[in-house]
Amino acid sequence: MRSFALGIVAMACMLAIAQGGNFFQDADISWGQGRGKIVEGGRQLDLTLDKASGSGFQSKSEYLFGKIDMQIKLVPGNSAGTVTTFYLSSQGATHDEIDFEFLGNVTGEPYTLHTNVFTQGQGQREQQFRLWFDPTKDFHTYSIIWNPQHVIFAVDGNPIRDFKNHEARGVAFPKTQPMRLYASLWNADDWATQGGRVKADWSKAPFVASFRGFNADACVWANGKQQCPVGTMETAANTGRRGRAGAGSWWSQDLSDMSYRRMRWVQRKFMIYNYCTDAKRFPQGIPAECKLR
Ligand SMILES: *[C@@H]1O[C@H](CO)[C@@H](O)[C@H](O)[C@H]1NC(C)=O
């Protein structure tokens, strides 16, 4: 009985950790003059957008590899012209960046999930998706798994995109520049919705997107040094390339055959744009990574 009760307490603690941190501790509201607010004792952060300005926040820490999760509930109703972002980025002209962007739409029409990867300042690697649920009804978890071999984008634990390390074939991969996490809600009605034809309806402002469960199981970069959670690389060594369970399994995360098949299924059903198949855009030939598996 007693150990049963203790077990429940232990589980409750683990859940509390899995729920992710406290925005007061982990994030700074970086712009928007009061339009970004930490609520519910630190469990939730709301970003708002009105005609005058959007808002945004950033992580206090910088990371060099990690698994970053965020639960987001997007702007409901008529969200045309709004863009909600969640991305990692380093600084400077040759920066690296890993992007999730959610392009709003008029009521009843679907959001577009836009993804991109910049390496050494070069992007142009857009892939866009529809979601298989209404992202404005509930919180859903969006994750970036960034390790020395992969950048994996996942939605509710389902991988949707895998940008692999093909440095050996001359494709730059983000692995030396620490990145910070950023999130924002802003007005992009000059391009976001149906190519800019549909404008934001300011009579519905302020628009609100909510964030929860920010969790960075990551190597933190501080004072010129990378500090990884205890066991990160050991776990990798012990479980092999396909390590799954345990702390730090993201370090060696690869797609299992099952995850790979699931990703391909999501891509077949929900991908609406892929730079790799946009030959017109690349008269010099499509980027090298598109031809490599
Ligand atoms: C909005 O809805 C229209 C019509 O369903 C669709 O073509 C478009 O891709 C949607 N998303 C955006 C961001 O425009």
Side-chain angles (χ1 to χ4, degrees), residues 67-70 72 74 79 82-90 95-105 109-135 140-147 149-167 169-175 179 181-184 188 191-196 250 253-256 259-293:
K67 176 174 190 289
I68 314 281
D69 303 315
M70 187 76 80
I72 311 175
L74 295 169
S79 58
T82 72
V83 175
T84 305
T85 69
F86 161 56
Y87 62 102
L88 291 172
S89 182
S90 64
H95 78 295
D96 296 328
E97 187 176 317
I98 303 168
D99 294 327
F100 272 104
E101 297 190 359
F102 302 88
L103 316 185
N105 217 330
E109 296 300 332
Y111 263 82
T112 296
L113 166 53
H114 176 99
T115 64
N116 204 355
V117 177
F118 285 72
T119 57
Q120 298 293 313
Q122 201 241 305
Q124 298 202 308
R125 297 196 177 96
E126 299 86 355
Q127 289 185 349
Q128 296 184 334
F129 302 81
R130 290 275 178 254
L131 294 164
W132 48 93
F133 49 83
D134 178 350
H140 289 269
T141 304
Y142 303 93
S143 309
I144 296 169
I145 296 142
W146 171 34
N147 66 37
Q149 295 305 323
H150 296 263
V151 171
I152 298 171
F153 294 74
V155 176
D156 288 333
N158 299 290
I160 61 165
R161 176 172 187 177
D162 180 12
F163 179 79
K164 284 193 195 168
N165 185 335
H166 285 304
E167 279 178 310
R169 311 292 288 271
V171 182
F173 187 83
K175 66 164 202 202
M179 298 202 261
L181 170 91
Y182 299 87
S184 62
W191 61 270
T193 304
Q194 301 178 29
W250 57 266
Q253 191 163 335
D254 196 350
L255 294 176
S256 65
S259 311
Y260 179 78
R261 279 201 302 273
R262 200 188 304 159
M263 179 179 79
R264 296 293 298 158
W265 183 84
V266 168
Q267 290 177 345
R268 272 197 302 277
K269 288 205 74 130
F270 298 101
M271 191 188 274
I272 55 172
Y273 177 79
N274 183 2
Y275 73 110
C276 282
T277 56
D278 194 352
K280 299 199 285 304
R281 227 177 120 187
F282 302 103
Q284 261 60 275
I286 59 164
E289 70 273 16
C290 296
K291 290 170 240 152
L292 301 167
R293 217 201 112 167

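Closest approach of Val171 to Ala288, counting heavy atoms only: CG2-CB, 3.9 Å. In terms of heavy-atom proximity, Gln194 sits nearest to Asn105 at NE2-OD1, 3.3 Å. Minimum heavy-atom separation, Tyr111 to Pro135: CD1-CG, 3.9 Å. Closest heavy-atom contact between His150 and Gln253: CD2-O, 3.4 Å. Between Gly157 and Pro159, the shortest heavy-atom distance links the atoms O-CD, 3.4 Å. The minimum heavy-atom distance linking Glu97 with Asp99 is given by the pair OE2-OD1, 2.6 Å.
Looking only at distances, a side-chain donor or acceptor of Trp146 sits under 3.5 Å from a matching main-chain atom of Pro174. Using a distance-only test at 3.5 Å, with no hydrogens or angles considered, a donor-acceptor pair links the side chain of Ser256 to the main chain of Ser259.
Counting heavy atoms from C-beta on, the side chains of Phe118 and Arg125 never come closer than 4.5 Å. You'll find the side chain of Tyr182 stays beyond 4.5 Å of the side chain of Thr85, heavy atoms only. A 4.5 Å side-chain heavy-atom check between Val83 and His114 finds every atom pair outside the cut-off. Using a 4.5 Å cut-off on side-chain heavy atoms (C-beta onward), Thr112 and Arg130 make contact. Under the 4.5 Å side-chain criterion, counting only non-hydrogen atoms from C-beta, Asp254 is not in contact with Tyr260.
Note: Thr115 OG1 to Glu101 CD = 9.5 Å, rounded to the nearest 0.5 Å. Taking CE from Met263 and CZ from Arg268, the interatomic distance works out to 10.5 Å, rounded to the nearest 0.5 Å. Atom CD1 of Ile286 sits about 13.5 Å away from atom NZ of Lys280, to the nearest 0.5 Å. Taking CD of Glu167 as the reference point, atom CD of Glu289 lies at 12.5 Å (rounded to 0.5 Å).
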Under the side chain to side chain contact (heavy atoms under 4.5 Å, CB included) rule, what do Ile144 and Tyr87 come out as? Steps first, then yes or no, please. CA-CA 9 Å; Ile144 296 169; Tyr87 62 102; 5.7 Å; no
What do the steps show when you test Gln120 against Asp96 for side chain to side chain contact (heavy atoms under 4.5 Å, CB included), and what is the final call? CA-CA 6 Å; Gln120 298 293 313; Asp96 296 328; 4.3 Å; yes
Run the side chain to side chain contact (heavy atoms under 4.5 Å, CB included) check on Leu113 and Val155 step by step: do they pass? CA-CA 10 Å; Leu113 166 53; Val155 176; 4.1 Å; yes
Mind running side chain to side chain contact (heavy atoms under 4.5 Å, CB included) on Leu131 and His140 for me, showing each step along the way? CA-CA 11 Å; Leu131 294 164; His140 289 269; over 6 Å; no
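In this structure, Phe133 and Tyr142 have tilted ring planes: the angle between them lies in the 30° to 60° band.
Among residues two or more places apart in sequence or in another chain, the salt bridge (charged side-chain N to carboxylate O under 4.0 Å, His left out) test is passed with Asp134 by Lys137. Under the rule for a salt bridge (charged side-chain N to carboxylate O under 4.0 Å, His left out), Glu109 has no partner lying at least two apart in sequence or in another chain. Every residue two or more places apart in sequence or in another chain was checked for a ring-ring contact (aromatic ring centres under 6.0 Å, His included) with Tyr275, and none qualifies. In terms of the salt bridge (charged side-chain N to carboxylate O under 4.0 Å, His left out) criterion, residue partners of Lys67 (sequence neighbours excluded) are, by chain and number, Asp69. Checked against ring-ring contact (aromatic ring centres under 6.0 Å, His included), Trp132 has the following partners two or more places apart in sequence or in another chain: Phe270. Not counting sequence neighbours, the partners of Arg281 by the salt bridge (charged side-chain N to carboxylate O under 4.0 Å, His left out) test are Glu126.
Screening Ile98, Ile152, Leu255 against Ile145 for a side-chain contact (heavy atoms from CB on, under 4.5 Å) leaves a single residue, Ile152.
For Phe86 and Phe100, the ring centers are positioned less than 6.0 Å apart.
In Lys164, the NZ atom is crowded: over 12 heavy atoms of neighbouring residues, nucleotides or ligands sit closer than 6.0 Å.
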